[in-house]
Amino acid sequence: MDRGTWQATIQGVPKNWTQLGDGPPAGAMETSRRLSREQIFVLISAASINLGSMMCYSILGPFFPKEAEKKGASNTVIGTIFGCYALFDFLASLVFGKYLVHIGAKFMFVAGMFVSGAVTVLFGLLDQVPEGPVFIAMCFLLRITDAISFEAAITASSSIVAKAFPNNVATVLGSLETFSGLGLVLGPPLGGFLYQSFGYEVPFIFLGCIVLLMVPLNMCILPNYESDKGKHSFWKLITLPKVAFLSFVITSFSSCFGFLDPTLSLFVLEKFNLPAGYVGLVFLGLALSYAISSPLVGLLSDKMPHLRKWLLVFGNLTLAGCYMLLGPAPFLHIKSQLWLLVLILVINGISAGIGLIPTFPEILSCAHENGFEEGLSTLGLVSGLFGAMWSVGAFVGPTLGGFLYEKIGFEWAAALQGLWALTSGLAMGLFYLLEHLRRRRRSELQNILGTEEERTALLSDERGEG
């Protein structure tokens with residue numbers, strides 16, 4: 001079942017309206033413009049988890065490594081504490097995506113938010129833990145628990161949003177990325193300010209309590225969607241060729257973002273001798289451009305679904321170009337300048353929005369075309385797959401980036417990272433081109449067969465009259 005048929009079924013209009021024109025009928029357009037009370041509540045809930053969880057995730061950066069060193073943790077151990085988040089995020093995505101319907105989307109959302117807030121508060125008490133192995137073990141335990149609870153809430157949130165906005169999935173998910181970007185932007189400076197003013201405990205306790213206060217609100221306003229248990233699996237979904245290519249694209253974008261975490265700040269400090277306080281402002285261009293472009297790309301993706309495939313390809317190829325120019329790569333013989341770096345990061349954020357936002361509706365559309373049922377079970381699988389692939393990139397990007405930075409320097413490391421985006425963009429473009437040619441041949445063959453049938457019918461009619 002294609003996306004147009006799926007939308008039409010939910011709107012209650014004829015299932016073949018997408019074949020009769022270029023877009024939905026006026027009634028469907030009018031319905032999609034009016035937000036119901038339930039949809040508004042879903043938006044509030046999803047925005048709260050995106051903002052709160054991203055702030056809690058990003059708050060560690062400015063001061064936790066220094067505090068962990070005081071407690072006897074080496075740089076390798078600190079890096080592993082950060083890296084284990086992505087690994088368990090990946091595992092949790094697969095489990096929660098598969099069993100979303102069994103657990104219940106609302107319960108998964110609220111429970112994940114509650115545990116995430118509680119774990120954030122407990123992180124603020126780690127300075128009371130004895131240094132050495134006990135401190136390190138508690139860091140791992142809390143970080144892993146936070147990853148699992150965060151993924152539970154995000155998987156449920158994405159599924160609920162797609163269920164509540166079947167005709168505008170990309171628009172709504174793109175708009176919600178604004179809150180994710182805002183959380184990533186606000187988390188480090190707010191955490192740093194509270195740390196400098198009040199000490200280690202206050203940043204975690206303050207943000208954790210805010211997340212916990214959102215729990216009763218979401219218990220009251222979040223709708224409870226029921227759905228039948230699905231018969232399909234992750235394996236069937238990811239073995240669809242189109243979904244496999246889209247998964248590679250998601251991992252590529254995630255790794256590109258993750259690559260910058262351990263490398264960009266070091267490069268900026270070393271190359272331009274900026275004060276440490278200004279390094280965060282360099283990251284600001286990337287986060288803000290992504291947050292602003294995402295809802296616009298989502299709107300365009302929903303209004304013109306046929307453009308999604310080319311947005312994906314264009315976003316990947318542009319991202320590849322950005323990473324070639326980020327250093328810039330030595331073979332380009334361009335002098336590295338701060339204004340150029342900031343400009344490239346802004347373009348990087350925009351291209352990430354262009355290439356990443358259409359992936360979710362594309363996977364969902366492909367799943368329905370290949371017989372996956374409409375409902376929370378499929379939405380859970382798609383949300384879980386998206387989260388899992390993102391986590392793979394979030395683990396590989398920083399790990400490989402840190403290694404390459406140490407061995408060959410930032411300029412060459414960024415260029416090699418750009419090759420990943422270039423490969424995924426070209427592979428996706430080639431797949432879409434072959435898909436287009438295959439559909440064209442099928443259409444021509446159907447036309448030929450239809451013409452032959454008409455001729456046969458006419459000949460038999462003539463013989464009957466004779």
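Note that the structure is a prediction, hence the values are computed from the model and not measured.
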_Would you compute the distance between atom CG of Leu141 and atom CD1 of Ile136 and round it to the nearest 0.5 angstrom?_
14.0 Å

*May I ask you to decide if Ala152's main-chain N or O and Thr155's side chain share a donor-acceptor pair within less than 3.5 Å?*
no

*Mind checking whether Leu356 and Trp390 have side chains closer than 4.5 Å, heavy atoms only?*
yes

*Are Arg143 and Asp89 ion-paired here, with the side-chain N under 4.0 Å from a carboxylate O?*
no

*If we only count heavy atoms from C-beta on, is the Ile160 to Ser45 side-chain gap below 4.5 Å?*
no

*Taking the six-membered ring of Phe135 (Phe, Tyr or Trp), confirm whether the NZ or CZ of Lys70 is under 6.0 Å from its centre and within 45° of its axis.*
no

_Main-chain N/O of Leu125 paired to Gln128 side chain as donor or acceptor, under 3.5 Å_ = no

*Look only at the side chain of Ser157 and the backbone of Ala153, and say whether a donor-acceptor pair between them is shorter than 3.5 Å.*
no

*Does Val42 reach the side chain of Val172, with side-chain heavy atoms less than 4.5 Å apart?*
no

*In Å and rounded to the nearest 0.5 Å, what is the CG to OG1 distance from Asp302 to Thr171?*
3.5 Å

*Output yes when a side-chain donor or acceptor of Gln39 lies under 3.5 Å from a complementary backbone atom of Ala164, and no otherwise.*
yes

*Inspect the surroundings of CZ in Phe314 and state if more than 12 heavy atoms from other residues, nucleotides or ligands are less than 6.0 Å away.*
no

*Say you draw a straight line from CH2 of Trp310 to CD1 of Ile354; how long is it, rounded to the nearest 0.5 Å?*
15.5 Å

*Hey, does Leu345 have a side-chain heavy atom less than 4.5 Å from the side chain of Leu326?*
yes

*Spell out, as yes or no, whether a donor-acceptor pair under 3.5 Å connects the side chain of Asn348 to the backbone of Ile344.*
no

*Can Phe150 and Ile49 be said to form a side-chain contact (heavy atoms from CB on, under 4.5 Å), step by step?*
CA-CA 9 Å; Phe150 166 78; Ile49 189 63; 5.7 Å; no

*asked:* Could you check whether Tyr290 and Phe257 have their ring centres less than 6.0 Å apart?
replied: yes

*Counting only N and O atoms by type, is there a donor-acceptor contact under 3.5 Å from the side chain of Tyr200 to the main-chain atoms of Asp127?*
no

*So how far is it from Leu240 CG to Trp235 CH2, rounded to the nearest 0.5 Å?*
11.5 Å

*Is atom CZ of Phe267 surrounded by more than 12 heavy atoms (other residues, nucleotides or ligands) closer than 6.0 Å?*
yes

*Mind checking whether Phe248 and Trp420 have side chains closer than 4.5 Å, heavy atoms only?*
yes

*Got Lys71 and Cys139 here, is their nearest side-chain heavy-atom distance under 4.5 Å?*
no

*What distance separates Met428 CE from Leu312 CG, expressed to the nearest 0.5 Å?*
6.5 Å

*Kindly say whether Pro223 contributes a backbone atom to a donor-acceptor pair with the side chain of Lys106 at under 3.5 angstrom?*
no

